Every structure is written in C-alpha cells, then in structure tokens.
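In what follows, a structure is listed as structure tokens, so that the remarks can point back to it.
In this text the structure is predicted, and so the values were computed from the model without any measurement.
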Amino acid sequence: VKSVTLPRFAIIAFLAAFAVTLTPRPASADGGDILIKNGTILTVTKGTIAKGDILVIDGIIKEIGENIAAPPGVRVVDAAGRFVIPGIIDSHTHIALAGTNEGSEAITPEADVGTVINADNTSILTALSGGVTMVHTMHGSANPIGGPNVVLKMKWGRPSEELVVHEALPTLKFALGENVKQAGRTVQPGQDRRYPATRMGVNAIIRREFEKARNYMEEWDRYTKAAAAKNPPRTLVPPRKDLRLEVLAEMLRGERVARCHSYQATETLEFMELAKEFGFKVRCFEHIWEGYKIADELAAAGIGISVFADSWAYKMEAAEGIAEMAGYCAKRGVLVSINSDSGERIRRLFNDAAKTMKYGGLTEDEALRLVTINPAIQLGVDRIVGSLEVGKQGDIAVFNERPMSAYTRCDMTIIEGDVYFDREEIVKEREEAAKKAAAAGEKGGVS
Amino acid sequence: MTRRAFLIAVLVVLLAPFVSAQAGAEKTIAITNARIIPVAGAEIPNGTILIKDGTIAAIGADVAVPAGTEVFDATGLRAYPGMIDGYSSLGLVEISGVPATVDSRETGRINPQARALEAIRYDSMHIPIARSNGITAAVVAPSGGLVSGVSCLLKLDGWTNREMAVKPAAAMHIELPGLRSGRGGFGGRRGGQPQADGPKLLAELKQLFSDARAYEKRRDAAARNGLLALPEFDETSEALLPLLKGEMPAMISVHSERDIKAAIAFVREENIKAVFYGVEQGFKAAGELAEAGIPVIIGSLYDLPTVWEDGYDALYRNPGVLAKAGIKIGFSSSSASVAKDLPYHAAKAAAFGLDKAEALRAVTINTAEILGVGQTMGSLEKGKAANIVLADDDILELRTNIRKVYIDGREVDLSNRYTELLDKFKKREIK
C-alpha cells in the first residue's frame with residue numbers, strides 16, 4: 001500500500017500561510033523608534049497638519065512637525081498621500097479573553113477578566129488591521145454586578161502581562177435590563193428562574209449588595225479602630241474577608257468606577273440614583289440606546305456613554321435606538337465613544353465613527369474623537385494616548401484615504417513606535433507565498 | 001356649513017396624503033441642474049430628468065421642460081438611480097431577538113412553498129430607514145434549512161405588500177452550509193471547515209428535483225387521461241416546478257471553495273438558472289464561476305474571513321477579484337435593521353481593489369440585471385422606472401446626505417423611526 005503523503009508544495013504553502021498570519025512578532029521589532037514622513041496628520045487635539053512628520057523614540061512621540069531628520073538607525077515610513085491618526089481605542093469589547101461571563105450567579109464582582117487574558121487570540125490581529133491599538137475588554141452582561149474589566153494594548157506576540165495598561169482607571173462591569181433578568185432564557189422543568197427576573201429586582205439586588213458592602217466596611221473600620229487601641233480586647237478577631245465585597249468597597253472608596261450596560265432611560269436614571277445614594281462613580285453607560293432621551297441628565301452628571309453607531313433592534317430594549325444618538329448626545333455635552341462589542345466590528349470602528357457625520361451632524365474631527373481621545377478619557381488614559389501629541393505614547397494608525405471616508409483602508413498600525421500591522425508586508429508575503437506554491441506544484445493556487 | 005359639507009371637508013383633509021401619493025404618479029416632474037450619474041452611460045455634469053407617469057420620460061443636458069411641470073432645482077446635488085439590495089430580510093424581521101416579530105425562517109428543512117411576499121410587513125420600521133439612505137428596492141429573502149422558500153423583489157414604497165412587489169417570486173432560496181457556527185460575534189474568528197457536507201446536500205436536492213419532475217409527469221399524464229389516478233397533491237414538488245421549468249432562478253447560498261465548485265456542477269447538471277449568494281471563498285473559484293456565467297450576490301462584508309489563512313482582508317477583496325474575472329456581482333445588506341448600509345459594503349470592497357464605478361453598478365444596474373429587471377430599473381435611462389436619488393455627495397460615502405428619493409416617479413417621505421424619535425425627544429426641556 002502506497003503511503004499517503006502531502007505534496008511538497010502543499011506543505012510549503014501551508015507553512016507559508018502560517019508564517020504570514022500566525023507567527024508571533026519578535027519583541028520590539030523596531031525598537032520603539034519610528035519616523036513617519038509626509039503624511040496628513042490628524043492629531044485630534046492639536047488640529048491637522050496638511051503635510052508633516054512624526055518621530056517616535058523609545059515608544060514616545062518626540063516630535064511632530066515638518067522636515068524632521070531621521071536619527072541614525074530609525075525606520076522611516078513614507079506616508080505621502082496618506083493619513084496619520086492616533087491609534088483607535090475601543091472602549092467596550094470582549095476580545096482576547098478566555099472567558100467572558102460568570103453567569104451562574106447574579107453577583108460576581110470577584111470574577112476578574114484580567115485573570116483570563118488570552119494574548120494568542122487572533123482578534124488582536126483583527127483589531128490591529130482596523131487601526132485599533134487599545135481596548136477595554138470587559139466582563140459580559142450576564143450579571144447585575146459582573147466583574148472587573150481590563151485595558152489592553154494590542155501587542156500581538158507579546159505575553160499577556162505586557163498587554164495590560166496599568167495606568168487605566170480600575171473599572172467594574174454592571175448590567176441592567178433584559179440580559180440580567182434573563183428575558184430570553186428558557187427555564188427547564190424543575191428549575192427556578194435566577195433572581196432577579198425583573199428590573200425591580202435588578203435595582204434591588206444592586207442596592208442590597210452596596211448596603212452589604214457599606215456594613216462590611218463599617219465592620220472593618222470598627223475592627224481596625226479597636227485593634228489600634230492601647231489595650232485591644234483579647235477576644236478581638238478580624239472580620240471575615242469577603243472577596244466580593246472587597247471589590248464593592250473599592251467602588252465606595254472611589255478607587256474603582258462603574259461601567260454599566262443599560263438600554264432603557266428608566267433603568268439608567270435609577271442606576272444614577274443608586275450611584276448618588278451610595279456615592280460611587282459611574283464612568284460610562286454602555287449601549288444605552290435610549291441615551292438620547294436623557295442626554296441632559298447624563299451631561300449634567302458628567303457620565304459618558306459608549307455606544308454602537310447603528311446596530312439596533314436586535315432585542316426589545318434596543319428597539320428605540322436611533323443612529324443620530326452618538327452625534328446628538330455629543331453635541332449636548334455628553335462624552336461619547338463608539339465601541340465595537342465585537343471581534344468583527346472592531347476592525348471598522350472608523351467607519352462607525354464616520355456615520356455620526358451623516359446621522360448627528362458631527363464634523364470629521366468631532367467624529368474621529370469618538371474612537372480616539374474620547375475613549376481614552378473614558379478609560380482614564382488620555383494623559384498617555386488618544387491623540388498625537390509630543391510626550392504621549394507612539395500609538396498610531398496610517399490610512400490610505402481620509403479615515404472618515406467609506407473608501408479608506410488601514411495600512412499600518414503602530415504601538416509605542418513598533419509596527420504591529422503592515423498591510424504592504426502582508427500583501428507582499430501573500431504574493432510570494434502564492435508564487436512559491438505555484439512554482440512547487442503545477443496546480444498552484446493552493447493557499 | 002352643512003353637516004354634510006363638513007363631513008366631506010373632514011374626509012378631504014383625512015385622505016389628502018393618500019390622494020397626493022396616488023396623484024404623484026401622474027404628475028410630471030422635472031429635476032433640473034443635477035449632476036446626473038446614470039450608471040448606464042456617461043455622467044451628465046448638468047442635466048435634467050423629466051418624470052412622467054412614473055417613468056423617466058427624458059434625460060440629458062438639453063431636455064425641454066414642458067409648461068406646467070413641477071420643477072425641482074437640484075443645483076449642487078447628484079442624481080443616481082435608486083439602489084437595490086440583493087439580499088435582505090426587510091419586512092420579515094422587525095426585532096431579531098423577539099420571535100413574535102420574526103418571519104424569515106420557516107421550521108423544517110425543505111420549504112419551497114414558503115413565499116416571502118405573503119409575510120412581508122410592508123410598514124416595517126426598517127423600510128423607511130433604508131429608503132431614506134437611497135435604497136429603493138430590495139430582495140426580501142427567506143432563510144434557513146436546505147430550501148428556504150421564495151424571495152420577493154420589493155420596491156420600498158407602497159401601501160400593501162402586493163402593491164410593493166416588483167417581482168413577487170424573485171428566486172428559490174437554497175442554502176448550503178456556512179463555514180462556521182455564527183457570524184461576527186464576541187470573541188473573534190470562528191474559522192474552519194464547512195459545518196456540513198455540501199455535496200451530500202446537493203445530492204439530496206437532486207433527489208428532490210427528480211421527484212418533482214416525476215410528479216409533474218404523473219400529474220400531467222393524469223390531466224390528459226381521465227383513466228389515470230391523480231397523484232396525491234405534493235406541495236414540495238409543486239412549489240419546486242417553477243424553478244425546474246426555468247421560470248425563476250435559484251439563489252444558492254454557498255460559501256466554501258469546495259461547495260462553490262460543487263454547486264456550479266449541480267446547476268449545470270440540473271439545467272436551472274442560478275444566482276449564488278454569499279460566496280466568501282469565490283476568489284478561489286473565480287475562473288469556474290466566470291466560465292459558468294453565474295452571477296453573484298455578495299454576502300455581508302460585516303464579517304470575518306471564513307478561513308483565517310485566506311487573509312484578514314479575504315472578504316473585502318473578494319468582490320474585486322470576482323468582478324475582474326468578469327463575474328457580474330451585486331451587493332447585499334443581508335439585514336433588515338442595517339439594510340441602510342448597503343452602499344458601505346460596496347465602498348468597503350472598493351477600498352480593497354474593486355473599481356469604484358463597478359462598486360456603484362453593483363448596488364444598482366448589476367443587481368437589477370441579476371434579478372431580471374434590468375430593462376425597467378437599475379439605471380437612469382429613458383423609459384425606465386423613475387427610481388431616483390438626489391444626494392449631496394458620492395452615494396457610497398458615509399458622510400453623504402440623501403435629499404430626495406423618488407420611487408416610480410413619486411417623491412417619498414424621508415422621515416423614519418430615527419427622525420420621529422429624535423424630533424420627539426428634541427422637544428424635551430429639563431426643568
């Protein structure tokens with residue numbers, strides 16, 4: 001019997017395809033230094049430079065201007081005719097995680113997605129191909145109180161701990177409405193519904209947990225004071241450490257902020273009441289398709305929103321979404337970002353941002369803010385990223401056409417001066433692999 | 001005023017919108033000073049379109065406007081033919097997560113008797129949104145199973161489903177398996193091999209077709225000869241016959257290279273008219289598709305590559321490769337709630353190699369021709385239906401505003417659920 005072997009060309013082509021797409025990049029391929037020349041630079045915060053250069057040294061933007069000379073050994077990228085923008089930031093996604101929802105219980109603030117980062121997830125490459133350099137990757141929306149979220153840079157090929165952005169504000173995921181009341185869940189015979197099953201219960205359970213957390217803090221305060229006394233009673237024992245309430249205590253101390261998934265106006269306003277009652281901070285409401293109905297309350301409270309451009313009507317509470325929302329709320333003073341919430345939409349966030357020009361009447365500059373500096377502010381990292389300014393990190397995307405055009409394409413994505421996505425290189429390698437495959441076998445065309 | 005005169009006055013007021021909409025088709029309208037992009041033929045930098053009886057009576061740089069014609073001065077605007085969505089669920093899906101509002105997928109696997117026309121919710125909230133972005137017609141397709149049912153080509157204006165149907169039976173929809181379990185989604189790619197055996201499903205279809213042909217023979221023989229027993233009514237066979245007789249094409253959802261090639265052979269062997277839909281790995285079978293002369297409705301580009309090794313941009317460059325090979329392509333929204341995004345799928349493909357003019361054809365005339373209505377719609381030409389869109393910029397661009405839309409010569413209302421909700425809450429004043 002003849003043994004079955006793969007044709008040589010097939011093996012070569014197979015390996016070549018993997019080489020193109022799956023090989024982790026070497027560390028700091030460009031050493032954190034790069035000079036991008038002659039592009040139209042949309043700085044986002046400091047206006048547009050029609051034709052200029054941007055120099056990144058050791059990962060930090062050192063100079064933005066004209067006719068910057070390349071220091072020796074620094075890679076030069078010709079961006080003539082192209083558009084240079086800050087790396088895109090996704091304020092709400094779930095990529096690069098080995099788990100999303102701890103849905104078995106309603107209250108799980110101890111379930112931290114930062115402990116399950118998956119740096120090998122190809123969604124990172126997908127994100128890079130759309131100019132995305134940073135994401136806020138979040139616990140899912142199965143629980144009224146979910147878990148802490150984490151901010152990552154899309155450093156493909158680096159170990160997970162190097163992706164984490166420690167400067168970001170610590171956040172905790174909350175969720176309201178249909179998902180947490182499990183509206184779409186079929187209960188099997190003999191099973192009970194998980195509490196809560198109504199919006200009343202959702203509000204009540206969150207209040208209950210914060211009451212518990214207050215008590216818990218009080219208990220510890222009493223213990224600490226008693227223990228610090230000159231002659232602490234010999235029977236004094238510390239309270240039980242509660243990992244759930246520890247996280248909520250961080251919220252009550254203002255060390256962690258809420259990112260709250262909500263859709264309807266009522267549930268959103270009620271969550272704001274809870275925040276006032278307990279004195280915790282809400283950084284952002286997520287999705288919040290009825291946000292336009294309460295834009296002024298959001299603006300007055302200084303609470304941002306992180307929303308879709310126009311993905312709507314996928315469930316009852318999303319049936320009053322309007323594509324004008326992001327632009328309308330931004331104009332009424334709400335800090336708005338456009339998010340992906342998806343491993344697919346993440347690569348066309350720039351298209352989604354551009355939709356606010358038509359629906360909502362934003363300018364090109366205003367639209368670009370929704371996926372750059374605004375999400376950076378929401379994540380508390382606007383000091384280091386979100387715009388092209390000297391002293392900020394060199395997170396940059398290069399587009400072949402105006403980034404808010406439907407015809408645009410991301411050509412290059414750079415994080416801290418290192419090139420992580422280079423379309424030209426990918427196309428070149430693909431063509432070479434195809435040539436090799438064609439040469440190795442008469443049939444060719446194997447990819 | 002007598003009571004009777006008062007009632008008549010009330011009736012007149014109540015019926016006014018209806019009457020004017022009806023009368024609109026009769027009115028002669030001239031759109032002047034427009035930059036006309038007819039799609040068929042060269043651009044007219046400054047021209048006039050004369051609309052009479054719902055059709056384009058004249059178009060050009062030197063069109064005489066008869067006295068008494070209603071004139072719209074379109075200075076600064078471009079005139080395009082209305083766009084046609086090659087595959088949507090408009091009118092079949094309102095809120096996808098609420099089953100009571102979903103009529104797109106019949107239960108079971110073999111449903112040639114299911115006709116989209118008969119379920120279309122003509123006042124769907126999604127239709128005016130799509131229309132206000134320049135889409136004037138759409139294929140409304142059933143989905144799911146192996147034979148999903150019959151689609152309808154719908155114009156996006158009218159008072160009833162029947163009134164809106166341009167082609168009540170546009171195509172018989174057949175679905176071969178996709179390459180993964182879901183579209184887009186949370187964590188990222190779900191690549192891999194086809195979920196089920198496409199060629200095996202095609203064999204099952206062959207059996208169905210063969211049964212239908214045999215059934216027809218027995219039925220016709222019995223009709224001719226009273227001594228023969230009438231065969232029991234066979235719903236499936238009856239519903240498949242228009243396809244087998246060439247009265248309608250099959251629209252075959254097909255995704256992988258292997259299945260595309262198998263489906264080409266199937267179409268040839270069964271001698272049916274066919275359009276392929278989806279066709280994500282079409283770039284690997286472009287030569288075969290071109291040779292077979294099978295047109296393609298491109299599936300949503302809001303998706304990830306089916307197989308990661310095809311390259312991150314496989315879906316985006318696929319339409320350009322197909323068009324270059326000489327295959328007629330049309331785009332689709334593959335959606336109801338974001339059917340308005342049809343032009344952006346085309347623009348995305350243009351960003352990855354598809355010629356811009358071809359991208360425009362692929363949302364207008366190509367799709368009309370693929371659906372067999374190229375003689376009456378899809379371009380701005382004398383004698384064609386006056387489906388016209390006036391835009392302030394390139395119709396495929398994200399920033400472009402649509403100023404006016406005419407369907408069959410009637411100017412349609414551009415307000416929609418978005419604008420109504422926004423207008424309502426704009427009025428809100430906080431105390």
B:Asp341-B:Tyr302 side chain donor-acceptor pair, cut-off 3.5 Å: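 Looking only at side-chain atoms, B:Tyr302 and B:Asp341 do form a donor-acceptor pair, the distance falling under 3.5 Å.
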B:Thr400 and B:Asp394 side chains, donor-acceptor separation under 3.5 Å: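 Result is no, nothing qualifies.
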Side chain, backbone, both or neither: which part of [X] has an atom under 4.5 Å from a heavy atom of chain B?
{"X": "A:Tyr407", "answer": "both"}
{"X": "A:Met404", "answer": "backbone"}
{"X": "A:Ile294", "answer": "both"}
{"X": "A:Glu320", "answer": "both"}
{"X": "A:Ser405", "answer": "both"}
{"X": "A:Asn351", "answer": "both"}

Heavy-atom check, side chain of A:Leu152 versus side chain of A:Ile117, under 4.5 Å: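 The answer is yes; the side chains approach within 4.5 Å.
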Check: A:His261 ring centre within less than 6.0 Å of A:His287 ring centre: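 Yes, ring centres under 6.0 Å apart.
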Charged tip of B:Arg317 within 45° of B:Phe283 ring normal and under 6.0 Å: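 Judged by the rule, B:Arg317 and B:Phe283 form a cation-pi pair.
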Cation over ring face, A:Arg82 and A:Phe399, 6.0 Å, 45°: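 Negative - A:Arg82 is either too far from the ring of A:Phe399 or too far off its axis.
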Among B:Lys356, B:Met125, B:Lys348, B:Glu94, residue most engaged with chain A (heavy-atom pairs, under 4.5 Å):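 Looking at each of B:Lys356, B:Met125, B:Lys348, B:Glu94 in turn, B:Lys356 comes out on top.
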